[in-house]
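Written out below as C-alpha cells is the structure these notes cover.
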Amino acid sequence: MSFAPNTAVTERHDSYAAYAASAAAFERAPSARPGAVRGEIAVELDLRHAGRRALRLRYEIQGERTLPALFVAGGISAHRHLAPSREFGEGGWWESQVGAGRSLDPSRHCLVSFDWIGADGALDVAIDPADQADAVAALLDALRIERLQAFVGYSYGAMVGLQFAARHPQRLDALVSISGTHRAHPYAAAWRALQRRAVALGALQCDEAQGLALARELAVLSYRTPEEFAERFGAAQVVDGRVRVDAEDYLDHCGNKYVARTSPTAFLRLSESIDLQQLDPAAIRVPVTVVAVSEDRLIPLSESYDLVERLRGETRLRVLRSIYGHDACLKEQSQIDTILREALADCTSAAA
C-alpha cells in the first residue's frame, strides 16, 4: 500500500456550509450534539485488480482527536456521516448507536468514518475489500492516528474490518465484526449477481435508474426475512385489472430512495467488491468480537462459526435472533448497544 506524502494531502473543512443548511436542527437541541469536522485527502493506492490509482478520501470525525480512536464502517450504502452533530445536523446512517450517551459516544471516543472508495461512481474498476482496508490505513496516516482502539464494522464494513485486521494488525487493538465474514457465500453472491443483471437489463432498455431500483428491491428481500414480511404485509389484491402484492409499495419506496442517492456504477462496483472478499482468518491475531444473526440469509450462521473457529486471536461470538435478518444491526438497537459496550469496555480494560 502506498499513499501521497503529507505535503500533498489537502483537507477541506466545510462545517460552516453544513451549519447553515441545517440551522433548524441546531436550534432544537444544539448543546446535546457533539462537534464534527469533515474533509478530503488526496492519496495514491495500489489497487489489487486495477493498479495504482489517484483517489480522494472523504471523511468525517466526531469527537476530539485526543480521545481513543474508533473507525466505524457500514454496508455498501453507508457513508461517512454516522449521526447528527452541531455542524452537520442531517440524519446519519447509524444514529441509533452514535451520539451522547450511546454506545459510540463522541465524548468518549474519536469516531472516524469515510465514504467508500468507489462510492461516488467515479472509480469504474474492480475494488477489493483489501483496497478499502488500505484506504483506511492511508486516511489514518494522513490524520496522524497511529492506532485504533477498535474497528467497528457492519456488513461490508465488517469484511473490510477483517481485511484491516489481517493487513494492518499493528494499528488495531480489537475488531467488532457484525454480520460480516471472511468470504462471500455462493448463495449471497448469486443474489448480488442477479441484482447486477437487473441494472444491466435497465441499461439495455435505456432506463438504468429503473434497473438500479429493481436491484435495490431485490437486495432488500435478501436483507430481511419471510417472517417480517408475513407480519407487515397482507394478501395480494386485484388493482385496475392486475394483481398487486401488498409489499410492492414498500419495495418501490426502497428502490426509488436508493436511486436518488446512488449511481449505478457505484452500486455495481461495490456489489462486486463484496463478492471479491477472500481472506484466511488464521492471518488475524487481534481480539475479535463476531456478531452473527441466526436469521441472516446473506451470512449464514455456519459461516460465522467457521470464521470463529479459524481466527487465531482472542475471539468472542455473539449470536442474535432477529426478525430483521441481515438488517438486525440497524434495527435491534438495544442488543447491538449491549454488545458494543461490552466489546469497547474490554478494549479499555486491555489498554489500562
Side-chain angles (χ1 to χ4, degrees), residues 74-79 91-97 154-158 178-180 184-264 266-268 270-272 274-275 291-301 303 319-336:
I76 63 171
S77 59
H79 42 75
W93 70 265
W94 214 16
E95 54 194 85
S96 62
Q97 301 299 336
Y154 155 63
S155 189
Y156 183 61
I178 307 171
S179 297
H185 193 280
Y187 176 83
W191 267 103
R192 288 185 289 271
L194 290 179
Q195 294 163 28
R196 296 194 291 269
R197 287 189 182 187
V199 177
L201 182 60
L204 287 174
Q205 297 178 335
C206 300
D207 195 349
E208 203 170 41
Q210 184 60 33
L212 180 59
L214 179 58
R216 180 62 174 181
E217 293 171 31
L218 287 169
V220 169
L221 288 177
S222 70
Y223 301 153
R224 300 300 182 88
T225 67
E227 292 78 13
E228 182 198 4
F229 272 59
E231 285 190 7
R232 290 185 61 178
F233 304 110
Q237 297 182 8
V238 177
V239 179
D240 296 330
R242 67 172 288 264
V243 175
R244 186 163 183 84
V245 172
D246 196 33
E248 286 186 61
D249 289 338
Y250 164 71
L251 293 173
D252 286 345
H253 169 76
C254 293
N256 293 333
K257 183 179 178 181
Y258 191 72
V259 167
R261 67 176 189 270
T262 307
S263 78
F267 168 78
L268 290 170
L270 289 173
S271 171
E272 291 174 346
I274 301 173
D275 294 334
V291 184
V293 181
S294 58
E295 292 79 11
D296 190 340
R297 294 190 292 167
L298 293 181
I299 311 293
L301 198 52
E303 289 294 284
V319 179
L320 306 182
R321 295 295 306 273
S322 175
I323 197 172
Y324 298 110
H326 191 71
D327 274 355
C329 179
L330 305 177
K331 306 292 286 186
E332 301 289 2
Q333 180 176 350
S334 177
Q335 294 186 74
I336 296 298

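By convention here, the first residue in the shown sequence is residue 1.
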- Query: Any idea which heavy atoms bring R297 and S222 closest together, and the distance?
  - Reply: NH2-CA, 4.0 Å

- Interatomic spacing from CG in D327 to OG in S179 - rounded to 0.5 Å: 9.0 Å

- Task: Tell me, with the steps shown, if K331 and E228 meet side-chain contact (heavy atoms from CB on, under 4.5 Å).
- Result: CA-CA 12 Å; K331 306 292 286 186; E228 182 198 4; 5.8 Å; no

- Item | Residue pairs fulfilling salt bridge (charged side-chain N to carboxylate O under 4.0 Å, His left out) with at least one residue in residues 184-195, sequence neighbours excluded | R192-D275

- Nearest heavy atoms of S294 and L301, plus distance in Å: CB-CD2, 4.3 Å

- If a pair satisfies salt bridge (charged side-chain N to carboxylate O under 4.0 Å, His left out) and one of its residues is in residues 197-214, list it, with sequence neighbours excluded. none

- Message: Evaluate S77 against R261 for side-chain contact (heavy atoms from CB on, under 4.5 Å), listing each step before the verdict.
- Response: CA-CA 9 Å; S77 59; R261 67 176 189 270; 4.3 Å; yes

- Closest non-hydrogen atoms of A215 and A198, given as atom of the first, atom of the second and distance, are N-CB, 4.2 Å

- Message: Tell me every residue that passes side chain to side chain donor-acceptor pair (under 3.5 Å) with Y156, counting only those two or more places apart in sequence or in another chain.
- Response: Q132, S273

- Note on the structure: Taken to the nearest 0.5 Å, the spacing of Y154 OH from W94 CH2 works out to 9.5 Å

- Look up atom CG in L194 and atom CG in L201, then write down how far apart they are to the nearest 0.5 Å. 11.5 Å

- Query: Which residues satisfy the side chain to side chain donor-acceptor pair (under 3.5 Å) test with Y187, sequence neighbours excluded?
  - Reply: W191

- Looking only at heavy atoms, what is the nearest atom pair of L298 and Y223, with distance? CD1-CD2, 3.6 Å

- Counting N and O atoms only, with roles assigned by atom type, does the side chain of E227 sit under 3.5 Å from a partner on the main chain of I323, one being a donor and the other an acceptor? no

- Message: Quick check against the 3.5 Å criterion: does E95 have a side-chain atom that pairs as donor or acceptor with the backbone of G92?
- Response: yes

- Item | Where at least one partner belongs to residues 209-222, residue pairs that pass salt bridge (charged side-chain N to carboxylate O under 4.0 Å, His left out), sequence neighbours excluded | none

- Note on the structure: By ring pair (Phe, Tyr, Trp, His ring centres under 6.0 Å), F229 pairs with (sequence neighbours left out) F233

- Message: So, using side chain to side chain donor-acceptor pair (under 3.5 Å) as the criterion, who are the partners of S271 when residues are at least two apart?
- Response: R196

- Task: Give the minimum heavy-atom separation between V259 and A213, together with the two atoms involved.
- Result: CG2-N, 3.5 Å

Taking distance alone, no hydrogens or angles, what donor-acceptor pairs closer than 3.5 Å link side-chain atoms of residues 236-246 to residues at least two apart or in another chain?
{"residue": "R244", "atom": "NE", "partner": "D249", "partner atom": "OD1", "Å": "3.4"}
{"residue": "R244", "atom": "NH1", "partner": "E248", "partner atom": "OE1", "Å": "3.1"}
{"residue": "R244", "atom": "NH2", "partner": "D249", "partner atom": "OD1", "Å": "2.8"}
{"residue": "R244", "atom": "NH2", "partner": "D252", "partner atom": "OD2", "Å": "3.1"}
{"residue": "D246", "atom": "OD2", "partner": "G234", "partner atom": "N", "Å": "2.6"}

- Give the intermediate values and the outcome of side-chain contact (heavy atoms from CB on, under 4.5 Å) for residues V220 and Y258. CA-CA 11 Å; V220 169; Y258 191 72; over 6 Å; no

- Item | Smallest separation among heavy atoms of L212 and V199, with atom names | CA-CG2, 3.9 Å

- Item | For D296, all residues meeting side chain to side chain donor-acceptor pair (under 3.5 Å), sequence neighbours excluded | H326

- Set of side chain to side chain contact (heavy atoms under 4.5 Å, CB included) partners for A328, sequence neighbours left out: V293, S322, E332

- Looking at residues at least two apart in the chain, or sitting in another chain, which of them share a side chain to side chain contact (heavy atoms under 4.5 Å, CB included) with P300? H185, S302, E303

- Task: Mind checking salt bridge (charged side-chain N to carboxylate O under 4.0 Å, His left out) for R321 and listing every partner two or more places apart, or none if nothing turns up?
- Result: E295

